[in-house]
Amino acid sequence: MTGTNSFSVSRYGPERPGWTRLFARDSLTRRLDWPILFAATALSLLGSLLVYSATRNRTELNQGDPYFFLLRHLMNLGIGIALMTATVWLGHRALRNAVPILYGLSVLLALVVLTPLGATINGQRNWLVIGGFSLQPAEFMKISIILGMAMLLAARVDAGDKPHPDHRTVFQSLCLAAVPIMILLLMPDLGSVLAMVAIILGVLLASGSSNRWVFGLLAAGVIGCVAIWQLHILDEYQINRFAAFANPDLDPSGVGYNTNQARIAIGSGGLTGAGLFHGSQTTGQFVPEQQTDFVFTVAGEELGFVGAGFIIFLLGLLLWRACRIARDSTELYGTIVAAGIVAWFAFQSFENIGMTLGIMPVTGLPLPFVSYGGSSMFAVWVAVGLLQSIKVQRPMSA
């Protein structure tokens with residue numbers, strides 16, 4: 001067809017000539033979920049300020065450069081946005097075909113951690129250090145589990161062969177998820193294991209699988225926790241963390257120090273906080289790992305209830321929009337992927353904020369988008385790219 005009013009059809013819908021494609025009703029730009037982009041970007045930029053506040057005076061960490069962590073956090077953000085853009089461009093459907101490769105690579109990287117090439121950082125042997133850059137394979141394993149389980153559970157349903165996943169398919173998907181979980185238990189990285197269990201539950205619920213699998217998984221989780229405790233799989237520092245959670249007054253100057261200082265920092269913030277860069281706990285360096293695990297304490301102390309509440313609002317906005325994407329997807333595969341991301345972000349946010357408040361045990365899980373860390377930043381922005389792809393590739397009539 002020719003003429004000035006003609007247009008072709010692309011995978012994102014009708015493609016109009018010239019700059020009008022950017023603003024047409026059916027364009028990629030219009031189809032993007034802008035509230036999710038706003039929430040993720042605002043959280044990341046706010047996180048950069050909190051990371052800078054937590055590290056600008058810590059010369060033993062920043063190598064004498066107060067902007068050391070700030071610049072790297074922003075660099076990680078830039079790479080994360082580039083990865084999101086690439087994910088949207090490729091599309092979640094194209095990535096579906098590459099799931100076996102992505103899954104195999106993530107498992108391989110995790111296995112390398114168990115070799116002498118693995119590194120121990122902050123008491124956890126779950127890192128790879130390559131050329132001065134640290135990588136945490138567990139973050140990417142979360143994505144591979146979501147994509148892998150979604151591929152298996154949705155294959156016959158999206159093809160029209162089954163109304164919902166059968167028992168054999170569910171069992172296969174659980175076996176796929178069990179491999180990385182077993183590797184993480186060998187590290188051991190209990191925090192990532194708990195996050196993956198939450199992801200698996202979210203995926204099963206969204207897939208329409210029988211509730212017997214959900215209840216069975218919960219029962220298996222309880223039995224597994226008892227077995228892990230009885231077999232002494234956990235390291236001593238992890239056992240001490242649970243002991244400090246159960247009894248905060250057990251050792252306030254030892255294993256309970258982090259949690260006690262975190263609650264002091266948050267409690268001192270009041271309604272509006274002491275002001276950015278003016279928190280006494282943060283400036284005095286009383287809270288360990290404040291740029292990563294305990295970054296929420298900076299917001300609580302320096303921005304107060306209002307600032308901390310704004311972070312929770314942004315996380316809630318992102319989760320709400322992601323739930324809508326899962327609900328509106330016209331294919332089960334997209335629904336499962338979006339639901340898995342919701343379960344991941346929701347659990348990890350609750351766990352991170354909860355451990356700073358003393359209502360959850362300390363597990364070392366970062367606060368999505370806010371905590372310092374390249375692996376975490378890359379993974380969560382890839383997840384945003386998957387959500388955007390599910391949104392933009394949905395037919396306009398859906």
Legend entry - Cationic N near anionic O, under 4.0 Å, R156 to D166: yes
Legend entry - Verdict with reasoning, Y52 to Y67, per ring-ring contact (aromatic ring centres under 6.0 Å, His included): CA-CA 7 Å; Y52 172 65; Y67 301 103; 5.4 Å; yes
Inset, instruction - Show your working on side chain to side chain contact (heavy atoms under 4.5 Å, CB included) between L317 and W320 and close with a plain yes or no. - result: CA-CA 5 Å; L317 173 63; W320 168 60; 3.7 Å; yes
Inset, instruction - Check for a donor-acceptor pair, side chain of Q63 on one end and backbone N or O of F68 on the other, with a separation under 3.5 Å. - result: no
Inset, instruction - Can you establish whether the number of heavy atoms outside L71 located under 6.0 Å from its atom CG is more than 12? - result: yes
Inset, instruction - Please state whether the rings of Y333 and H92 are parallel, tilted or perpendicular, taking 30° and 60° as the class boundaries. - result: parallel
Legend entry - Side-chain donor or acceptor of S268 paired with backbone N/O of I264 under 3.5 Å: yes
Inset, instruction - With sequence neighbours left out, write down each residue that passes side-chain hydrogen bond (donor to acceptor under 3.5 Å, both in side chains) with H278, or none if nothing qualifies. - result: none
Inset, instruction - Apply side chain to side chain contact (heavy atoms under 4.5 Å, CB included) to L194 and E351, showing your working. - result: CA-CA 10 Å; L194 293 175; E351 163 60 27; 5.8 Å; no
Legend entry - Side-chain heavy atoms of L314 within contact of F369, under 4.5 Å: no
Legend entry - Contacts of H73 that satisfy side-chain hydrogen bond (donor to acceptor under 3.5 Å, both in side chains) - sequence neighbours left out: none
Legend entry - Test log, rule side chain to side chain contact (heavy atoms under 4.5 Å, CB included), inputs V170 and H167: CA-CA 5 Å; V170 176; H167 292 302; 5.7 Å; no
Legend entry - Side-chain donor-acceptor pair present, E301, T282, cut-off under 3.5 Å: yes
Inset, instruction - Decide whether I145 and L185 are clustered together by the hydrophobic rule: side chain heavy atoms of Ile, Leu, Val, Met, Phe, Trp, Tyr closer than 4.5 Å, transitively. - result: yes
Inset, instruction - Kindly say whether A326 contributes a backbone atom to a donor-acceptor pair with the side chain of S329 at under 3.5 angstrom? - result: no
Inset, instruction - Return yes if a side-chain donor-acceptor contact under 3.5 Å exists between Q290 and T297, otherwise no. - result: yes
